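Treat the numbers as computed from the prediction; the structure is a model and nothing was measured. Positions are given from 1 along the sequence.
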Amino acid sequence: MTPPPARSAEQRKKDVLARLENDKDVWVATASAEGLPTMVPLSFVWDDGTLLLCTRRTNPTAVNAADGCPAVVTLGHTRDVVHIEGTARTVPGTELSAASADAFAAKLVWDPRDQKAWTYLRISPRAIRAWREVNELATRELMRDGVWLV
């Protein structure tokens, strides 16, 4: 079976931005200072060029993010991958802008900003790659060092 033609970089960027606006869940991978990895699914909103997520303060992902750790985020399945590498940091609900908290609550129908057991995570992308089939692998890089290449 022949895969569909490769998408242009411009089309892949449009597709990635559409996924970031419309998808609700991602896989998030972080590691502790000792190198212990953790990967969890979290709900998110694409907010001002970053992924805004929320989890319990005591969960390993939040503990890892408190140190500004590297994070890897993926959307999609193995035949339509969006792979994001970035830096995570925690943002207490009391420090999150009303616009960001409102956007999170509106998209996910959940408002944790006043729940002390929860904290927001903001992941700033440094690299984004997207591909569907082998014919898109050579040109999968869409963002490098936080700057869109297309």
Side-chain angles (χ1 to χ4, degrees), residues 7 9 12-134 136-150:
R7 297 169 293 167
R12 276 183 287 127
K13 179 182 177 184
K14 287 179 188 176
D15 292 348
V16 165
L17 290 171
R19 299 280 308 269
L20 289 167
E21 287 294 330
N22 297 307
D23 284 18
K24 291 184 178 180
D25 302 309
V26 294
W27 285 99
V28 181
T30 60
S32 69
E34 297 79 28
L36 183 63
T38 187
M39 184 168 64
V40 296
L42 293 175
S43 299
F44 79 100
V45 64
W46 182 241
D47 181 53
D48 196 27
T50 67
L51 293 107
L52 182 64
L53 312 97
C54 193
T55 190
R56 287 191 177 273
R57 291 179 188 285
T58 55
N59 286 350
T61 303
V63 172
N64 296 345
D67 294 328
C69 78
V72 176
V73 176
T74 58
L75 293 91
H77 52 81
T78 57
R79 299 277 182 196
D80 190 7
V81 177
V82 176
H83 183 85
I84 301 169
E85 297 173 11
T87 303
R89 64 181 175 88
T90 57
V91 182
T94 56
E95 295 178 20
L96 191 65
S97 74
S100 292
D102 290 346
F104 187 93
K107 180 177 181 182
L108 302 169
V109 193
W110 177 50
D111 191 349
R113 74 182 102 185
D114 294 326
Q115 297 180 27
K116 293 182 181 183
W118 296 82
T119 190
Y120 291 92
L121 306 176
R122 191 174 292 279
I123 298 177
S124 301
R126 287 188 330 270
I128 298 179
R129 296 173 191 86
W131 67 94
R132 288 188 177 153
E133 298 285 345
V134 69
E136 291 185 355
L137 288 178
T139 58
R140 66 185 166 222
E141 187 176 32
L142 301 175
M143 177 186 283
R144 184 184 318 130
D145 297 326
V147 177
W148 288 101
L149 303 175
V150 293

Test item: Arg140 side-chain N/O and His83 main-chain N/O as donor-acceptor pair under 3.5 Å
no
Heavy-atom pair of closest approach, residues Ala71 and Ile123
CB-CD1, 4.0 Å
Would you say Asp111 has more than 12 foreign heavy atoms packed within less than 6.0 Å of its CG?
yes
If you apply the rule side chain to side chain contact (heavy atoms under 4.5 Å, CB included), what do you find for Asp102 with Arg113, and how did you get there?
CA-CA 9 Å; Asp102 290 346; Arg113 74 182 102 185; 2.7 Å; yes
Check: Tyr120 and Leu53 side chains under 4.5 Å, non-hydrogen atoms
no
Of Asp23, Thr55, Asp25, the one forming a side chain to side chain donor-acceptor pair (under 3.5 Å) with Ser43 is Asp25
Give the minimum heavy-atom separation between Ala65 and Leu121, together with the two atoms involved.
CB-CD2, 3.7 Å
Expected output: side-chain Arg57 to main-chain Lys116 donor-acceptor under 3.5 Å
yes
With a 4.5 Å cut-off on side-chain heavy atoms, are Leu20 and Leu51 touching?
yes
Parallel, tilted or perpendicular: rings of Trp110 and Phe104 (30°, 60°)
tilted
Please name the pair of heavy atoms, one in Ala103 and one in Val45, separated by the smallest distance, quoted to 0.1 Å.
O-CG2, 4.1 Å
For Ile84, which of Leu142, Ile128, Val16 qualifies under side chain to side chain contact (heavy atoms under 4.5 Å, CB included)?
Ile128
Pick out which of Thr50, Leu75, Val28 makes a side chain to side chain contact (heavy atoms under 4.5 Å, CB included) with Phe44.
Leu75
Please report the closest heavy-atom contact between Val91 and Arg122, naming both atoms and the distance.
CG2-CB, 4.2 Å
Write down the atom of Pro125, the atom of Gly49, and the distance for their closest heavy-atom approach.
CD-O, 3.3 Å
Are the side chain of Lys13 and the backbone N or O of Val150 linked by a donor-acceptor pair below 3.5 Å?
yes
In this structure, CD of Glu141 is separated from CE of Met143 (nearest 0.5 Å) by 10.5 Å
Interatomic spacing from CH2 in Trp27 to OG1 in Thr74 - rounded to 0.5 Å:
8.0 Å
CD/Glu21 to CG/Asp47 distance, rounded to the nearest 0.5 angstrom?
9.5 Å
Which heavy atom of Leu52 sits nearest to which heavy atom of Ser100, and what is that distance?
CD2-O, 3.7 Å
Is the closest side-chain heavy-atom distance between Asn64 and Thr38 below 4.5 Å?
yes
Output every pair passing salt bridge (Lys or Arg N to Asp or Glu O under 4.0 Å) with a member in residues 74-91, not counting sequence neighbours, ordered by first then second residue.
Arg19-Asp80, Arg79-Glu133, Asp80-Arg132, Glu85-Arg129
